[in-house]
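Take a look at the structure below.
Quick caveat: nothing in here was measured; it's all calculated off a predicted structure. Residue numbering restarts at 1 for every chain, and letters A, B, ... go by the order of the sequence lines.
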Protein chains: 2
Amino acid sequence: MFGDGELPLYEIKANLFKGLAHPYRIRVLEILSAQDEASVAQMIEITGLEASHLSQHLSVLRKYGLVVSERRASIVFYKLAYPQVADLLKVARQLLAQLVNHSSAQRAAVGALPQLPSQS
Amino acid sequence: MFGDGELPLYEIKANLFKGLAHPYRIRVLEILSAQDEASVAQMIEITGLEASHLSQHLSVLRKYGLVVSERRASIVFYKLAYPQVADLLKVARQLLAQLVNHSSAQRAAVGALPQLPSQS
DNA sequence: TTGCGATATGATGAATTTATCAAATCGTAA
DNA sequence: TTACGATTTGATAAATTCATCATATCGCAA
């Protein structure tokens, strides 16, 4: 999948995360986590992306080994290449919850601070 | 942490993965997963990076909320911002194992194919 | 073969990231 | 205050990614 397989493991791992480092690609992977497979048309409808835009993102996901595709007649179906991709998304959700929670707590704390004197 | 908190959640999630999308940054986070905290000097020694190079990467990790830093005198210590970061790395390792395993199996299968006639 | 729906690929400019070096800043001892 | 070790920040060029549009390709029915 990466030609002669000479790519360092850290590079391959970084590539996995690169695949995940775009909002639409996360959405695609989440759709594929929620159902066994999805056609490109389905994903276009769900994400609202234009066909060629989605296809470019799907190409990245294929390139980094996160999804696999299968053409049946004129319809192409995608699925997660490994179930661990869904696990990754799951943990990311938990991390995001922590982060957003913490961020909200920080903003509340700032809001409770005394007002600074104006500079004008 | 993201100013007025107006960034869409998918953007924030993508940012998390962006933080992870570089080999040296993965290494740093793995070091911080393996021990409670590490000083910059320690990480310089382990990674072999130059100080300013490492600092730029640490800045990205801080920016995306993956690590927190604390200065004690002239030494700065870093730790994971949340334990879920370590979980993420753990699942990524499992995914990588699958991927590498599959990749090896694919290469073995190709190796077993009959040799194509030469084109010269 | 032609035409068409579905999808992928190519191309390109803008935006962002990466790599690297120079300079600034921080904390502290003298 | 000066000097120094430790670390961060600024700057910049090269590389890569992102966004978008045009074009090509695939599979199949007629």
- Task: Between A:His57 and A:Ala73, just flag the one whose closest nucleotide in DNA chain D comes earlier from the 5' side.
- Result: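 That would be A:His57.
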Residue [X], side-chain heavy atoms: nucleotide from [options] that is nearest:
X	options	value
A:His22	D:dT9, C:dT17, D:dA19	D:dA19
B:Arg71	C:dT7, D:dT8, C:dG27	C:dG27
B:Gln56	C:dT9, D:dG10, D:dT8	D:dG10

- Note: contacts of residues 25-40 of chain B with DNA chain C (heavy atom, under 4.0 Å) are B:Arg25
- Can B:Gln42 and B:Tyr78 be counted as having a side-chain donor-acceptor contact under 3.5 angstrom?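 The answer is no; no qualifying pair exists.
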- Task: Quickly, which of B:Val60, B:Val67, B:Leu54 forms a side chain to side chain contact (heavy atoms under 4.5 Å, CB included) with B:Arg25? Name it, please.
- Result: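 Of the listed residues B:Val60, B:Val67, B:Leu54, the side chain to side chain contact (heavy atoms under 4.5 Å, CB included) partner of B:Arg25 is B:Val60.
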- Query: Can you list, by residue number, the residues of residues 43-53 of chain B that have a non-hydrogen atom closer than 4.0 angstrom to DNA chain D?
  - Reply: B:Ala51, B:Ser52
- Scan A:Tyr24 against the nucleic acid and name what it touches under 4.0 Å (heavy atoms): base, sugar-phosphate only, or nothing.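 Result for A:Tyr24 = nothing.
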- Message: At 4.0 Å (heavy atoms only), tell me whether B:Arg72 reaches a base, stays on the sugar-phosphate, or touches nothing.
- Response: nothing
- Message: Nearest whole Å is fine: how far is D:dT9 P from B:Leu58 CG?
- Response: 10 Å
- Note on the structure: Separation of D:dA19 atom C1' from A:Leu54 atom CG, nearest Å, is 14 Å
- A:Phe17 vs B:Phe17 aromatic rings, parallel, tilted or perpendicular, using cut-offs 30° and 60°? parallel
- Message: Quick check: on DNA chain C, is the nucleotide nearest A:Ser74 upstream (toward 5') of the one nearest A:Lys18, or the reverse? Name the residue that is more 5'.
- Response: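 So the residue in question is A:Ser74.
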